[in-house]
Novice: 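I'd like to ask you about the structure that follows.
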Amino acid sequence: MPFQPIDMSAWKRRSYFEHFLNTVPCGYSATTDLDITRLANALKTGGFKSYPALIHALCTIVNRHAAFRTAFGASGEPGIWDDMHPAYTIFSAKHETFSSIWTEYHADFTVFHERYLHDCGRFADIPELFPKPDTPENVFPISSLPWVPFTAFNLNVQSTSPYLLPIFTFGKFRKDGKAITVPLSSQVHHAVCDGYHLGQFLQDLQNHLNEPEHWL
C-alpha cells in the first residue's frame, strides 16, 4: 500500500489545494442516479449480491483516479495512495445498528465477493462500530441507506477537517419499468477534487456498470 508524497513545489494543483484547504476550507456533495439495470440482470444470472458488486465497482474506479486516492500521510504531508480498499457499513437487524468493516480489494470480483461474504458472516452481528481489527490506512468509506430513495444527501463534515478522501452513500433502489437505478451521494474535499474530477469519475463508474459482463 505505498503512499507517494506530493512534491508541493511542482504540483500544478498547489494553489487550489491551499485555497480550499486553508483560505476557504470546504467540501461538497453531489447525488446522481446510477443506472444498474444491466448489472442487476447479470447479478441474478451469476447468483451474486448487489451490495458487494456496487462496492467493488466503486473501488475499481477509485483506483483509477488519483484525485480519489489523495490523502494526508502519517506525517501530515499530502500524497496519493497507490491503491485503496473499501470500508463499508453493514446493518445488524438483531441490534438495530450498523458497523463499518473493511474488505481487501481484489480486481477479480469473484475473489472479492467471497472475501465480502466471509467478512460479513464473521462481523455482522458484533455490536461495535469497527468490529474488524487492523484497518489499513488506505481505505475509503462507503455507506448505504437501502430504506431511503433520496434525491440529495449531504454529510455535515466539518469544513476544517483534514479528511481528503471521498465518502460515498448509496440509497434505495428504484424501478421504472424495466430500468433500475440507485442514488449515489459522493462527498469530496474541494482541495483535491473539482467538479471536473467528480464528473470524470461518475462517468467512468456508469460506463463500468454498463458492462458487467467484463468484470462479473
Novice: Would you call P136 and W102 a side-chain contact if the rule is heavy atoms closer than 4.5 Å?
Specialist: yes
Novice: For N22, does the CG atom sit with more than 12 other heavy atoms under 6.0 Å from it, leaving out its own atoms?
Specialist: yes
Novice: Could you check whether the rings of F109 and F112 sit parallel, tilted or perpendicular, using 30° and 60° as the cut-offs?
Specialist: tilted
Novice: Among all residues two or more places apart in sequence or in another chain, which pass the salt bridge (Lys or Arg N to Asp or Glu O under 4.0 Å) test with D194?
Specialist: R13
Novice: If you define the side chain from C-beta out and look only at heavy atoms, does anything of T169 sit under 4.5 Å from L184?
Specialist: no
Novice: Could you go step by step and tell me if S50 and F173 meet the side chain to side chain contact (heavy atoms under 4.5 Å, CB included) rule?
Specialist: CA-CA 10 Å; S50 59; F173 290 10; 3.8 Å; yes
Novice: Which value, rounded to the nearest 0.5 Å, describes the distance between D108 atom CG and H113 atom NE2?
Specialist: 12.0 Å
Novice: Could you check if a side-chain atom of S75 sits within less than 4.5 angstrom of a side-chain atom of F3, using non-hydrogen atoms only?
Specialist: no
Novice: Quick one: do D33 and R174 satisfy salt bridge (charged side-chain N to carboxylate O under 4.0 Å, His left out)? Show the steps, please.
Specialist: CA-CA 9 Å; D33 280 333; R174 299 189 188 96; 2.8 Å; yes
Novice: Starting from I101, can I reach V111 by hopping between I/L/V/M/F/W/Y residues whose side chains sit under 4.5 Å apart?
Specialist: no
Novice: Apply side chain to side chain contact (heavy atoms under 4.5 Å, CB included) to F68 and L198, showing your working.
Specialist: CA-CA 9 Å; F68 291 77; L198 181 59; 4.1 Å; yes
Novice: With rounding to the nearest 0.5 Å, note down the distance linking CG in N41 to NZ in K178.
Specialist: 9.5 Å
Novice: Taking all heavy atoms of H189 and all of F20, pick out the closest pair and write down the distance.
Specialist: CE1-O, 3.4 Å
Novice: Look at the rings of F140 and F168 and say which category their plane angle falls in: under 30° parallel, 30 to 60° tilted, over 60° perpendicular.
Specialist: perpendicular
Novice: For H197 and V192, work out which heavy atoms get closest and say how close.
Specialist: ND1-O, 4.3 Å
Novice: Just by distance, no angles: are the side chains of D35 and T181 close enough, under 3.5 Å, to form a donor-acceptor pair?
Specialist: no
Novice: Could you tell me the separation between the OG atom of S9 and the CZ atom of R14, rounded to the nearest 0.5 Å?
Specialist: 7.5 Å
Novice: Got K49 and L117 here, is their nearest side-chain heavy-atom distance under 4.5 Å?
Specialist: yes
Novice: Is any side-chain heavy atom of R69 closer than 4.5 Å to one of I80?
Specialist: yes
Novice: Taking side chain as C-beta onward, heavy atoms only, is L145 less than 4.5 Å from F153?
Specialist: yes
Novice: Does any donor atom in the side chain of T97 or S92 lie under 3.5 Å from an acceptor atom in the other side chain?
Specialist: no
Novice: Hydrophobic clusters here meaning ILVMFWY residues chained together by side-chain heavy-atom distances under 4.5 Å, can you tell me if Y16 and W11 are in one?
Specialist: no
Novice: Can you name the nearest heavy-atom pair linking S29 to N154, along with the distance?
Specialist: OG-OD1, 3.0 Å
Novice: Do the charged groups of D204 and R64 touch, with an N to O distance under 4.0 Å?
Specialist: no
Novice: Kindly state whether the ring of W147 and the ring of F91 have centres lying under 6.0 angstrom apart.
Specialist: yes
Novice: Do F17 and P78 come within less than 4.5 Å of each other through their side chains, counting heavy atoms only?
Specialist: yes
Novice: Return the CD to CZ distance between E128 and F98, rounded to the nearest 0.5 Å.
Specialist: 13.0 Å
Novice: Please tell me whether L43 and L34 are part of a single hydrophobic cluster in this structure, the criterion being side-chain heavy atoms less than 4.5 Å apart.
Specialist: yes
Novice: Going by atom type alone, with no hydrogens or angles, which donor-acceptor pairs under 3.5 Å involve a side-chain atom of residues 51-63 and a protein atom two or more places apart or on another chain?
Specialist:
{"unit_1": "Y51", "atom_1": "OH", "unit_2": "T89", "atom_2": "O", "d": "2.9"}
{"unit_1": "H56", "atom_1": "NE2", "unit_2": "H106", "atom_2": "O", "d": "2.9"}
{"unit_1": "H56", "atom_1": "NE2", "unit_2": "A107", "atom_2": "O", "d": "3.4"}
{"unit_1": "T60", "atom_1": "OG1", "unit_2": "H56", "atom_2": "O", "d": "2.8"}
{"unit_1": "T60", "atom_1": "OG1", "unit_2": "Y105", "atom_2": "OH", "d": "2.8"}
{"unit_1": "N63", "atom_1": "OD1", "unit_2": "M84", "atom_2": "N", "d": "2.7"}
{"unit_1": "N63", "atom_1": "ND2", "unit_2": "C59", "atom_2": "O", "d": "3.2"}
{"unit_1": "N63", "atom_1": "ND2", "unit_2": "M84", "atom_2": "O", "d": "3.4"}

Novice: Taking the side chain as everything from C-beta on, heavy atoms only, tell me whether H19 gets closer than 4.5 Å to V24.
Specialist: yes
Novice: Grab the two heavy atoms, one from T37 and one from A179, that are nearest each other, plus how far apart they are.
Specialist: OG1-CA, 3.4 Å
Novice: Would you please test Y88 and D119 for side chain to side chain contact (heavy atoms under 4.5 Å, CB included) and show each step?
Specialist: CA-CA 11 Å; Y88 52 93; D119 287 337; 4.1 Å; yes
Novice: Hey, any chance Y163 and V139 share a hydrophobic cluster, counting ILVMFWY side chains that come within less than 4.5 Å of each other, even indirectly?
Specialist: no
Novice: Output the distance between atom OG (S186) and atom CD1 (I167), rounded to the nearest 0.5 Å.
Specialist: 10.5 Å
Novice: Show the atom names and distances, to 0.1 Å, of all donor-acceptor pairs under 3.5 Å that link a side chain in residues 208-216 to residues at least two apart or in another chain.
Specialist:
{"unit_1": "N210", "atom_1": "OD1", "unit_2": "Q206", "atom_2": "NE2", "d": "2.9"}
{"unit_1": "N210", "atom_1": "ND2", "unit_2": "Q206", "atom_2": "O", "d": "3.3"}
{"unit_1": "E213", "atom_1": "OE1", "unit_2": "R38", "atom_2": "NH2", "d": "3.4"}
{"unit_1": "E213", "atom_1": "OE2", "unit_2": "R38", "atom_2": "NH2", "d": "3.4"}
{"unit_1": "W215", "atom_1": "NE1", "unit_2": "H208", "atom_2": "O", "d": "3.0"}
{"unit_1": "W215", "atom_1": "NE1", "unit_2": "E211", "atom_2": "O", "d": "3.3"}

Novice: How long is the straight-line distance from CD of Q187 back to CG of L165, given to the nearest 0.5 Å?
Specialist: 13.0 Å
Novice: Hey, quick one: are I90 and F130 part of the same hydrophobic cluster, counting side-chain heavy atoms closer than 4.5 Å, chains of contacts allowed?
Specialist: no
Novice: Between F150 and T31, is the side chain to side chain contact (heavy atoms under 4.5 Å, CB included) condition met? List the steps.
Specialist: CA-CA 9 Å; F150 58 75; T31 300; 3.8 Å; yes
